[in-house]
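Indexing begins at 1, ligand by ligand and atom by atom, following the structure's order. Worth saying up front: this structure is predicted, and the values here are computed from it rather than measured.
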Amino acid sequence: MLTRTGIAVSPGVAISPAMLFGSQGFRIPQRFVSVDAVDSEVSRFRASVETVCIALDENERVAREQLGEQYAAIFSAHRMMLRDTKLNGEIETLIRTKCFSPEFASSRVLRNYAKVLQNLGNTYLAERAADVFDLEKRLLKALLGEQRPELSHLTEPVVVLAHNLTPGETANLNRQFVKGFATEAGGRTSHTAILAGALEIPAVVGIGKFLADVSPGDVVIIDGNRGEVIIDPDEPTIARYRDSARLQESEAERLAAFNSIEARTRDGVRIQVLGNIEFPHEVQHCVTRGADGVGLYRTEFLYLGSDHEPTEEEHYDAYCRVVREMGNHPVVIRTLDLGADKIPGDFEEFRTKADNPALGLRSIRLSLRHLGQFKTQLRAILRAAVHGDVRIMFPLVTTLLELRKARMILADVVEDLEEEGLEFKKEIPVGMMVEVPAAALLAHHFSREVDFFSIGTNDLIQYALAVDRAEPSVASLYRAGDPSILRLIQMVIEAGQSAGIPVTVCGQMSSDPKFVPLLLGLGIRSVSVTPISLPEVKDVIRNISIEDADRLASHSLSLDIARDVENFLRTELNRLCPSRLSDMPLTQ
Ligand code: PEP
Ligand code: MG
């Protein structure tokens, strides 16, 4: 049994066999074959060994010609390893006696060899494990052909383990069978993490290297509450986690009582609690949990899984679905926030070669360069707006000029629609995300030119603290409780209050229960959270008074270290909301 720790990004516990989704993207489609098929499967295995050996011969020849004998020797060593009678015997025995598929048997045996080499305590031999993994990949490739793994075509429950999953791969996970996922890469507010929340499956990211320790089919526990991944757990551990999963379920049942209750503080102040969505179907999660509306619709996810640029009608249909299902409640549609880690793979024109894409051509900057695409989206939003209470929001606004340009394009679109005589809503509120420190510093100026602010703490923290939100090696430096972040939020709220415009917080910070009292104390009266967090956030709000919140905020502002702020808020949350399920470690 081996426990690895990463960043918990989507709550819940999953216990299932592992499906490895490596950087080469091979998955083992089936673990068992029928008894009748054993002979033909052994032949298939032998043929694949031959295929790999032929490729290795070719690699050896090219290496000898171009690089010299010592490089060619690498490939002849690989070939010898693959022809080793003991190794082949072990694999064939598993196929014959256990009816393992050749893919599963090969992966099992080769990974066991690799593990032994890694654990011999000799650096040279440990490095040879990489050769064994290389052979595994070659053999799987020969067995599986060039097939790309189809994460959406699973037939049995698994937990997916990967070096990284792109937002597109995450979006395509089949929720019926993928019970959870864990990745070596990724940070707390990476878009893959946000999508895990949207899919409502337990997930842990940023674990660092661990895939070599797992074989396909090993039982793995993913604890998305504590950020732990337990490989090959023993029975007592499985039992503890099953108990924990049951506790979580009863906590979810307790919280379900808040679905139909509005968020009001103990002293009667009504707080607007909205939902963040990425896909139209999530609007149902918001409705079921009694959200006051959609505070952030991340429309860029329309591109995921699509092989073409969405048409105006596709934008329109998606928005209409959300707006209609939300009834009279507000729906804030954010214009495309493409770029950084949200570049759709198939859309070459949006792919930038920048070394630092988070600071590059992304989001509103990209929309202002691709006016056709921007206008298409704005037309669809204005047309969908006739069906409900729609508001437009621009992401990543950094300068006033940028905001003014975006508003000018919007005015052009209004004119076009008027000329065309199409049905649309002319006057709709226009707001902006405050997620760049420059915009927070100039919030007073911006507040005169927009109808609302929404603070995007995910990016605000990344840019203010110079910490990549998706980079696990600096995850411990990514702190919402940093005093500088508190001050930036305070500035935006003050600017909003003096201009008389609403200010919402829609970054992940507002889905974290410990920060909710702080945000209320800073003056926030509207939050937009991951749908799964709606009941929990309402529960916290109903347990505190504005007086408590003010006291917490002013004490937090007197502290000068993020860790102290967060510890203080955690302690206060447990004191004010004693009925919440606390997060106790489960491994021993
Ligand atoms: C944010 O940056 O806080 C935000 C809500 O936007 P996104 O996570 O989509 O960048
Ligand atoms: Mg953002």
Mark yes or no: Arg4 above the aromatic ring of Phe210, with NZ or CZ under 6.0 Å from the six-membered ring centre and no more than 45 degrees from the axis.
->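 Geometry flag: not set, cation outside 6.0 Å or 45°.
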
What do you reckon, does [X] have a nitrogen or oxygen under 3.5 Å from a nitrogen or oxygen of ligand 1?
X: Gln508; answer: no
X: Glu300; answer: no
X: Glu435; answer: yes

Given Leu460, Leu396, Asn458, Ile455, which one has a non-hydrogen atom that is nearest to atom 3 (O) of ligand 1?
->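 Ranked by closest heavy atom to atom 3 (O) of ligand 1, first place is Asn458.
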
Is the shortest side-chain N to carboxylate O distance from [X] to [Y] below 4.0 Å?
X: Lys514; Y: Glu572; result: no
X: Arg479; Y: Asp482; result: no
X: Arg334; Y: Asp337; result: yes
X: Asp292; Y: Arg270; result: yes

Which protein heavy atom lies closest to atom 6 (O) of ligand 1, and at what distance to 0.1 Å?
->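 That would be Arg334 NH1, 2.9 Å.
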
Heavy-atom nearest neighbour in the protein, as seen from atom 4 (C) of ligand 1, with distance rounded to 0.1 Å |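 Checking every protein heavy atom, the shortest distance to atom 4 (C) of ligand 1 gives Met433 CE, 3.5 Å.
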
Result of checking Val505, Thr504, Val527, Val492 against Ser454 for side-chain contact (heavy atoms from CB on, under 4.5 Å) =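 Result: among Val505, Thr504, Val527, Val492, Thr504 is the only option passing the side-chain contact (heavy atoms from CB on, under 4.5 Å) with Ser454.
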
Sole candidate of Thr183, Val204, Ile222, Ile207 that passes side-chain contact (heavy atoms from CB on, under 4.5 Å) when paired with Leu161 |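 Among Thr183, Val204, Ile222, Ile207, the one meeting side-chain contact (heavy atoms from CB on, under 4.5 Å) with Leu161 is Ile222.
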
Atoms (protein N, O or S; no water) under 2.8 Å from the Mg ion (ligand 2) =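 With waters ignored, the protein N/O/S count below 2.8 Å is 2.
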
May I ask you to check whether His370 and Phe374 place their ring centres under 6.0 Å from each other?
->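 Judged by ring-centre distance (under 6.0 Å), Phe374 and His370 do not meet the cut-off.
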
Under the side chain to side chain donor-acceptor pair (under 3.5 Å) criterion, do Glu471 and Ser473 qualify, and how do the steps go?
-> CA-CA 6 Å; Glu471 173 50 50; Ser473 63; 2.6 Å; yes

Any idea how His281 and His285 line up, ring-wise: parallel (<30°), tilted (30 to 60°), or perpendicular (>60°)?
->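 Perpendicular.
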
Could you list the atoms of ligand 1 found under 4.0 angstrom from a heavy atom of [X]?
X: Leu296; result: 5 (C)
X: Arg298; result: 4 (C), 5 (C), 6 (O), 7 (P), 8 (O), 9 (O)
X: Ile194; result: 8 (O)
X: Cys506; result: 5 (C)
X: Asp337; result: 9 (O), 10 (O)

Hey, is Met509 one of the residues with a heavy atom under 4.0 angstrom from ligand 1?
->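 False for this residue.
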
Does Arg469 have a non-hydrogen atom less than 4.0 Å from ligand 1?
->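 Contact check Arg469 vs ligand 1: positive.
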
Minimum side-chain heavy-atom gap Glu184-Asn164 below 4.5 Å |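 Side chain of Glu184 against side chain of Asn164, heavy atoms only: no contact under 4.5 Å found.
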
Given Asn276 and Glu282, is the side-chain contact (heavy atoms from CB on, under 4.5 Å) satisfied, shown in steps?
-> CA-CA 9 Å; Asn276 292 348; Glu282 284 181 274; over 6 Å; no

